[in-house]
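One structure is given below, encoded as structure tokens.
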Amino acid sequence: MMAERKVEIGIVGAGLFGRTLALRLLKNNFHVTLFDRDAVEGEASCAFTGAGMLAPYCELDSSDPIICALGEDAPGLWSEIVADLPTTVFLQNAGTVVVSHPGDDALLKQLYARVSTKHASQPAQLIWLDADDLLQLEPSLAGRFDRGLYASNEGQIDNRQLLNGLAAALIEKGCNWNSNTEVDSINGSEICAQDKRHNYDFVVDCRGLGAKDQLKELRGVRGEMIEVHAPEVVLTRPVRMLHPRYAIYVVPRPGNRFLIGATSVECEDYRPITVLSTLELLSAAYSLDPAFAQASITETRVNCRPAMPNNQPLVRHSENNIEINGLYRHGFLITPMLVSLVAEWMQTKTVDRRFAHLFVSREVKREVSYASSH
């Protein structure tokens with residue numbers, strides 16, 4: 001008796017989303033082929049540059065509530081994914097502390113009000129901290145900040161360890177990976193790469209800014225980050241400092257490493273980090289904790305995130321092709337839920353009603369059907 005033929009899936013783009021989806025589909029017994037113009041290490045991807053923050057409530061300050069809904073379960077979903085990876089991935093779910101200098105106290109109140117308004121259907125996800133609370137959570141902040149906010153159900157994941165772990169799992173499970181391969185065109189279920197045509201049962205396009213030929217409204221948003229080694233700084237969880245001009249986040253990693261970032265520039269510019277951004281980020285970090293003065297700069301990072309006009313993700317589909325793009329700066333936050341939704345749609349052509357508006361059909365007469373909310 002002949003074995004049943006596996007469904008053949010072609011995925012173009014092996015960044016964070018492409019890798020995570022490929023792993024999910026392999027577990028669902030599909031045969032997966034990946035195409036990517038980058039090497040397996042993924043150094044050109046946004047995920048290689050990102051900080052890996054899982055902060056659905058703090059992001060409500062400047063994002064649509066749909067981002068929070070997609071990302072609320074991110075720490076738990078990533079925990080399930082990394083548990084099956086063959087390499088170690090640092091994952092923390094210790095919350096986020098948000099502070100501001102006394103003169104900027106209104107910014108804390110503004111964030112609290114926005115989160116409370118946008119997330120009114122759920123219990124309060126931000127709680128106020130006084131000086132004693134800050135002393136308990138982050139002792140090194142005591143004395144400079146007398147109040148703050150705490151989002152307990154937030155976390156972070158090591159971006160590069162995750163990319164490596166996903167790659168190792170994909171290779172281990174037999175993914176056909178075409179790295180350093182430029183895709184010339186995608187037409188329905190056909191991928192043309194290096195003058196060869198490859199046909200699949202289904203094709204997924206998640207190239208990010210590489211898909212601007214298909215999505216004219218796609219834009220790049222520049223982000224800059226500095227990594228430092230700071231043995232004298234003691235922070236145990238991500239900390240955000242609000243400021244009217246240069247708000248920052250500081251993400252602690254094992255080995256006394258800290259990622260400092262927050263810049264978001266509306267341009268598709270890949271030049272190295274600017275002097276102005278460097279001065280502002282490091283000055284803000286120093287004002288957060290003067291111990292950063294003795295830190296060593298170990299790396300600076302720059303990349304451009306793909307964004308749609310509304311800064312929400314887009315899932316555009318036809319019978320045998322689906323595009324996922326516009327994850328903006330929320331890639332780590334929303335990827336696990338979005339992967340689950342896309343994988344479910346590929347198998348059943350249904351999608352959770354809460355996220356139905358993100359799925360756009362190319363076909364006038366064939367609309368996606370909606371499953372009840374999970």
Side-chain angles (χ1 to χ4, degrees), residues 4-38 40 42 44-47 166-167 169-171 173-218 306 308 313-327 331 334-336 338-351 355 358-369:
E4 183 179 354
R5 185 183 75 87
K6 289 188 176 182
V7 175
E8 296 280 345
I9 308 292
I11 299 179
V12 185
L16 178 65
F17 190 90
R19 295 178 191 219
T20 309
L21 179 63
L23 184 59
R24 170 66 178 265
L25 296 177
L26 283 168
K27 290 182 177 181
N28 289 354
N29 207 34
F30 293 131
H31 186 270
V32 178
T33 299
L34 268 175
F35 293 85
D36 197 78
R37 61 186 177 184
D38 197 5
V40 171
S45 70
C46 292
L166 290 168
L170 290 171
I171 293 169
K173 292 181 180 298
C175 177
N176 180 22
W177 196 323
N178 297 284
S179 60
N180 299 303
T181 301
E182 189 76 40
V183 168
D184 303 314
S185 64
I186 302 172
N187 298 296
S189 59
E190 180 186 82
I191 297 172
C192 182
Q194 297 180 333
D195 297 324
K196 294 183 180 179
R197 299 182 183 278
H198 308 266
N199 288 285
Y200 300 93
D201 296 301
F202 205 95
V203 166
V204 181
D205 181 355
C206 46
R207 291 176 290 166
L209 289 173
K212 289 183 74 173
D213 59 327
Q214 300 279 352
L215 290 170
K216 303 300 183 183
E217 62 270 46
L218 197 63
M308 300 299 292
L314 172 71
V315 184
R316 191 168 67 169
H317 58 85
S318 60
E319 186 65 26
N320 53 12
N321 178 285
I322 190 165
E323 299 169 81
I324 301 95
N325 217 314
L327 273 63
I334 68 177
T335 283
L338 200 55
V339 160
S340 180
L341 293 169
V342 169
E344 180 70 16
W345 183 87
M346 289 174 64
Q347 292 182 272
T348 68
K349 296 298 187 291
T350 62
V351 62
F355 310 109
L358 301 176
F359 284 67
V360 179
S361 175
R362 286 201 193 91
E363 302 172 0
V364 176
K365 295 183 180 180
R366 288 183 58 83
E367 295 297 329
V368 63
S369 59

- Message: A side-chain contact here means heavy atoms from C-beta on lying under 4.5 Å apart; do Val315 and Leu338 qualify?
- Response: yes

- Task: Go through the steps for Leu314 and Glu323 under the test side-chain contact (heavy atoms from CB on, under 4.5 Å), then give the verdict.
- Result: CA-CA 8 Å; Leu314 172 71; Glu323 299 169 81; over 6 Å; no

- Task: For residues Gln194 and Phe35, determine if any side-chain heavy atom of one lies less than 4.5 Å from a side-chain heavy atom of the other.
- Result: no

- With no hydrogens and no angle check, is any side-chain donor or acceptor of Asp36 less than 3.5 Å from a backbone partner on Asp38? yes

- Is there side-chain contact between Phe17 and Val339, with at least one heavy-atom pair below 4.5 Å? yes

- Rounded to the nearest 0.5 Å, the CD atom of Glu319 sits from the OG atom of Ser189 at a distance of 10.5 Å

- Query: With sequence neighbours left out, what residues match Arg24 under salt bridge (Lys or Arg N to Asp or Glu O under 4.0 Å)?
  - Reply: none

- Item | From Asp201 atom CG to Asn320 atom CG, the distance as rounded to the nearest 0.5 Å | 9.0 Å

- Message: Checking Met346 against Asn28 for the side-chain contact (heavy atoms from CB on, under 4.5 Å) test, could you report, in this order, the C-alpha distance in whole Å, the side-chain angles of both residues, the deciding distance, and whether it holds?
- Response: CA-CA 11 Å; Met346 289 174 64; Asn28 289 354; over 6 Å; no

- Task: Compare all side-chain heavy atoms of Val360 with those of His317 and state whether any distance is below 4.5 angstrom.
- Result: no

- Does a side-chain heavy-atom distance below 4.5 Å link Thr350 with Glu344? yes

- Item | Other residues, nucleotides, ligands: >12 heavy atoms within 6.0 Å of Lys173 NZ | no

- Query: Got a second to check how far Asn187's CG is from Asn321's CG, nearest 0.5 Å?
  - Reply: 9.0 Å

Would you be so kind as to tabulate the donor-acceptor pairs closer than 3.5 Å made by side chains of residues 206-216, with sequence neighbours excluded?
unit_1: Arg207; atom_1: NE; unit_2: Asp205; atom_2: OD1; d: 2.9
unit_1: Arg207; atom_1: NE; unit_2: Asp205; atom_2: OD2; d: 3.3
unit_1: Arg207; atom_1: NH1; unit_2: Gly210; atom_2: O; d: 3.3
unit_1: Arg207; atom_1: NH2; unit_2: Asp205; atom_2: OD2; d: 2.9
unit_1: Arg207; atom_1: NH2; unit_2: Asp213; atom_2: OD1; d: 3.4
unit_1: Lys212; atom_1: NZ; unit_2: Glu268; atom_2: OE1; d: 2.9
unit_1: Lys216; atom_1: NZ; unit_2: Asp213; atom_2: O; d: 3.3

- Between CD1 on residue Ile324 and CG on residue Leu358, distance to nearest 0.5 Å: 11.5 Å

- Message: Ignoring hydrogens, what is the shortest heavy-atom contact between Val203 and Gly188? Give both atom names and the distance.
- Response: CB-O, 3.5 Å

- Item | Leu16 side, atom CG; Ser45 side, atom OG - distance, nearest 0.5 Å | 7.5 Å

- Task: Applying side chain to side chain donor-acceptor pair (under 3.5 Å), name anything that partners Asn199, two or more places apart in sequence or on another chain.
- Result: none

- Taking Arg197 for the side chain and Cys192 for the main chain, is one N or O donor matched with an acceptor at less than 3.5 Å? no

- Message: So, applying side-chain contact (heavy atoms from CB on, under 4.5 Å) with Ile191, which one of Thr181, Val12, Ile11 is it?
- Response: Val12

- Message: For the NE2 atom of His198 and the CG atom of Asn176, what is their distance to the nearest 0.5 Å?
- Response: 9.0 Å

- If we only count heavy atoms from C-beta on, is the Arg19 to Trp177 side-chain gap below 4.5 Å? yes

- Message: Check the orientation of Phe202 and Trp345. Use parallel for under 30°, tilted for 30 to 60°, and perpendicular for over 60°.
- Response: perpendicular

